[in-house]
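By convention in this document, chain letters (A, B, ...) are assigned in the order of the sequence lines, proteins followed by strands, and residues within each chain are numbered from 1. Note: hydrogens, waters and symmetry copies are ignored here, and every other heavy atom, side chains too, is used. Given the structure is predicted, the values throughout are model-derived calculations rather than measurements.
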Amino acid sequence: MKWKRNDLILIIAVLFTACVFYGLRIFLNRDGDGMVRVYRDKTLVASYSVTEDREELLSYDGHFNILVIRDGAAFIRDADCPDRLCVNQGKIYADGQSLICLPHRLTVMIQGGEEPVLDAVVQ
Amino acid sequence: MSRLHMDHQGKNSPISTVAGMGMLLAFALILSYVESLIPFSFGIPGIKLGLANLAVVVGLYLIGTKEAFLIDFTRILLAGFLFGNLYSILYSMAGGIGSFLVMAVCKRSNAFSVKGVSMAGGVSHNAAQLAVAALVVETGSVLYYFPALLIAGLLTGFLIGVIAEQVERRII
């Protein structure tokens, strides 16, 4: 196998660029923790860090949803909406996931943070 | 100067150049087909072995730059219609043309071995595809994959380069 000196320079340069971008990614992710955003009628009403454990009572026109953030995940623990679909939606933790309570016009979304997990990739 | 097909006077014949291009194009399509059969996944979307690039690298060394470009362009179009869809043609075109330009410049500069040219091609192929992906989905978050794709391009380019080197040595 023949090698030229420039081949090695190329390899080192590419590896170096990859390392720089990898480092940049880690650096940018440090303060880019996921946020739990609460929307009512599509307007943002509250925003919490996904890493801080908390419990919030979200009231709406005499009704309520109880939002719990624990161990980096968010879920609705209880609500007095008729279908309780929001409670049954379970925990969200990855970027773009959402909890929706239509009767109370409520949307809880994760923005940033963990990469969404793909179920499958179809070609 | 074609080294692949010379007539008995040692000159290029246009007919043998065309025949050589046709053979390499067929070779590239077979490689594309083989690649579409292998369920090859690194867990990162977009990483492919790029086997068909072997035909392009061989063409670059054995026939010529213009001819290799034609082989590259045609095989992307044909393989796209055979095994992919319009989007995969778009991505392949960006990767194919981007990597071809880089490889042609690297080859002409005489600064790299076959492996070096092929590695530069692999890396630029992935970089160009990622750039198109970033434009299509309109987010910079695909840049997340950039380091992995760089290294993947280096590895696949190296493998293709090793094979192309052997082919080049034996075919003359």
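- Residue contact with chain B, scored on non-hydrogen atoms closer than 4.5 Å, involves the backbone and the side chain of I11(A) alike.
- Residues F112(B) and N6(A) share a closest heavy-atom pair of CE2-O, 3.4 Å.
- Note on Y22(A): it does not cluster hydrophobically with V20(A), by side-chain heavy-atom contacts below 4.5 Å among ILVMFWY residues.
- Scanning both residues, P147(B) and A18(A), for their nearest heavy atoms gives CB-O, 3.5 Å.
- Residue R105(A) qualifies as open at atom CZ: its count of foreign heavy atoms under 6.0 Å is 12 or below.
- Summarising the local packing, NZ of K4(A) is surrounded by more than 12 heavy atoms from other residues, nucleotides or ligands at distances under 6.0 Å.
- Heavy atoms only, all atoms of each residue included: L150(B) and V14(A) are closest at O-CG1, 4.0 Å.
- No chain of hydrophobic side-chain contacts below 4.5 Å, direct or via other Ile, Leu, Val, Met, Phe, Trp or Tyr residues, connects V36(A) to I100(A).
- Heavy atoms of other residues, nucleotides or ligands lying less than 6.0 angstrom from CG of L57(A) number more than 12.
- Taking the six-membered ring where the residue is Trp, F146(B) and F21(A) present perpendicular rings, their angle passing 60° and hence far from 30°.
- Closest heavy-atom contact between L10(A) and M119(B): CD2-CB, 4.0 Å.
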